[in-house]
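Following: one structure in structure tokens, then a few remarks.
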Protein chains: 2
Amino acid sequence: MSTPPISRRARPSKAPLSRDVIVRAGLDILDRDGLEALTMRSVAKALDTGPASLYVYVANRDDLLAAMLDESLARVPLSSEGTWRERLHALAAATVDAMGRHEGLAVVALGAIPTGTNALLVVDRMLALLKEGGLDDITAAWAVDLLYLHIAAAGVEQSTYNTQDATEGSTVAMAEARYANLPEDRYPMVTSMRRALFAPGDRDTWGLRVLINGILGTPAEGAPDPSAGDGPGASA
Amino acid sequence: MSTPPISRRARPSKAPLSRDVIVRAGLDILDRDGLEALTMRSVAKALDTGPASLYVYVANRDDLLAAMLDESLARVPLSSEGTWRERLHALAAATVDAMGRHEGLAVVALGAIPTGTNALLVVDRMLALLKEGGLDDITAAWAVDLLYLHIAAAGVEQSTYNTQDATEGSTVAMAEARYANLPEDRYPMVTSMRRALFAPGDRDTWGLRVLINGILGTPAEGAPDPSAGDGPGASA
DNA sequence: CGTTTGACACGAACGCTGTTCGTTTCCTAG
DNA sequence: CTAGGAAACGAACAGCGTTCGTGTCAAACG
């Protein structure tokens, strides 16, 4: 046991230990070994210290996860080219990607109102784009709520698929098999449409288009919904 | 500690211990004491047994949670009145409600393809309604994917709000305060639209209307739909 | 009727977790 | 050179999910 007393002077000045260092070490572990392996102890060990030392910079494990989420969101490119629609779509897709790249982080975003500095930058940019699209304040506010919810959910889904459970056959293959053996009388649509349900295709892109189209065609508050496919005439 | 040997004959025939009983005991604990309190040990104690006994009927804690989710979905009313749109809306809202009523259960639905018997009934009904609305197979399949994702996410959000954290002031009030003290130059939209962002209103209903409107106006891939015609022809 | 069987129930334990407490160490200010 | 205060740490606590081997009991069998 006894650590031979490597006087601190001997080591390469050690890692200074700060909130940022801890967050980055956490992201490293998360990406390399998954969410289960991300424990206060593993993070501490990666920084060559004990778990107690982390609590100076991090309130608890949830706080660490939240900080890791916001750090990931720092890598979302905030600007791109094209119409406001295309830029909004690109921003949303990039955010989904940033959240979905690290297992378990998107879940953190789901329950909470965004308050991290980088999350707020994304929200701010989204609001600007929605206003550029001519939406009124209330509709834009609700839209950003809805979009953020979808982004987080899509991030969860993506990270689930990225983290393939190698123990058994792929999740989707198992589900497909289950759908195939369902009683037709009880689940007529699911069984008959089985092929369409598992058909490949870019559902993420389509989902974002659905949301943006829907937002444009569904003003909040006053007007009833234009069910008769009226154009996206968002009258401010 | 020695349990006085209450010969099994003396007890009121004890609880027979089955998967259903375990699931229901789990839901009781979840609703009464929250997700943290839902441990294999607490469930076992509620059934007057030890944790090891549960593993005959339940593979592990995740399996138990999944079973609890599906049990909750059994209470979703599968039919209502009105147009197919109104029925779809009602079904989706009811599913959100069922998931959001129990803390932490909606998260289980997020990552996974629905395979529970009751979840599949909901999906089947949704598909039927979407087909009734005239959608082609692919669009209906993608729509049910998107709707289910939204439903689970909205359920998570709802359950988060229901489970008020009594330790500190309400989460939304804290967020509102944070938004008020944000630097205006860095977050111009968030600060200026702060009032709209926290304005009350039925965002859930609006969100579902957005989704349904968007689905109707956004055919998937190469499907000939009546009101198509908006920009991206898309390949992918 | 006595015996065997096999599924169910359970006590105890393993290895691990997040978090806290009290102490030690080190750098800086006087 | 000393005093002080913040940072780092060692050890421990209570609890977790899960497994193993043993007990127990009702039904099946000879």
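Lettering follows sequence order; numbering is per chain, from 1. Any value given below was found using the heavy atoms of this structure, including those in side chains, with hydrogens, waters and symmetry copies removed.
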Heavy atoms from other residues, nucleotides or ligands near CZ of R195(A) exceed 12 (cutoff 6.0 Å): no

More than 12 heavy atoms of other groups within 6.0 Å of R75(B) CZ: no

Residue [X], side-chain atoms from C-beta onward, closest of [options]:
X	options	answer
A52(A)	dT19(C), dT20(C), dT19(D)	dT20(C)
S53(A)	dT19(C), dA8(D), dG17(D)	dA8(D)
L17(A)	dT18(D), dT19(C), dA8(D)	dA8(D)
V56(B)	dC8(C), dT19(C), dC10(C)	dC8(C)

Minimal non-hydrogen separation, A119(B) against Y148(B), with atom names: CB-OH, 3.8 Å

Under-4.0 Å side-chain N/O to phosphate OP1/OP2 contact, T39(A) with dT17(C): yes

Under 4.0 angstrom between Y57(A) side-chain N/O and dA8(D) OP1 or OP2: yes

Atom-pair distance ([atom1] on [X]; [atom2] on [N]), nearest Å:
X	N	atom1	atom2	value
M40(B)	dT18(D)	CE	P	6 Å
I22(A)	dA7(D)	CD1	C1'	12 Å
R61(A)	dC16(D)	CZ	P	16 Å
L54(A)	dT20(C)	CG	C1'	14 Å
R19(A)	dA7(D)	CZ	C1'	16 Å
N60(B)	dT19(D)	CG	P	8 Å
Y55(A)	dG22(C)	OH	P	17 Å
E36(B)	dT19(C)	CD	P	10 Å

Donor-acceptor contact present, side-chain R61(A) to main-chain L38(A), <3.5 Å: yes

Sole residue of L129(B), D124(B), V144(B) in side-chain contact (heavy atoms from CB on, under 4.5 Å) with M189(A): D124(B)

Base of dG15(D) paired with side chain of R41(B) (donor-acceptor, under 3.5 Å): no

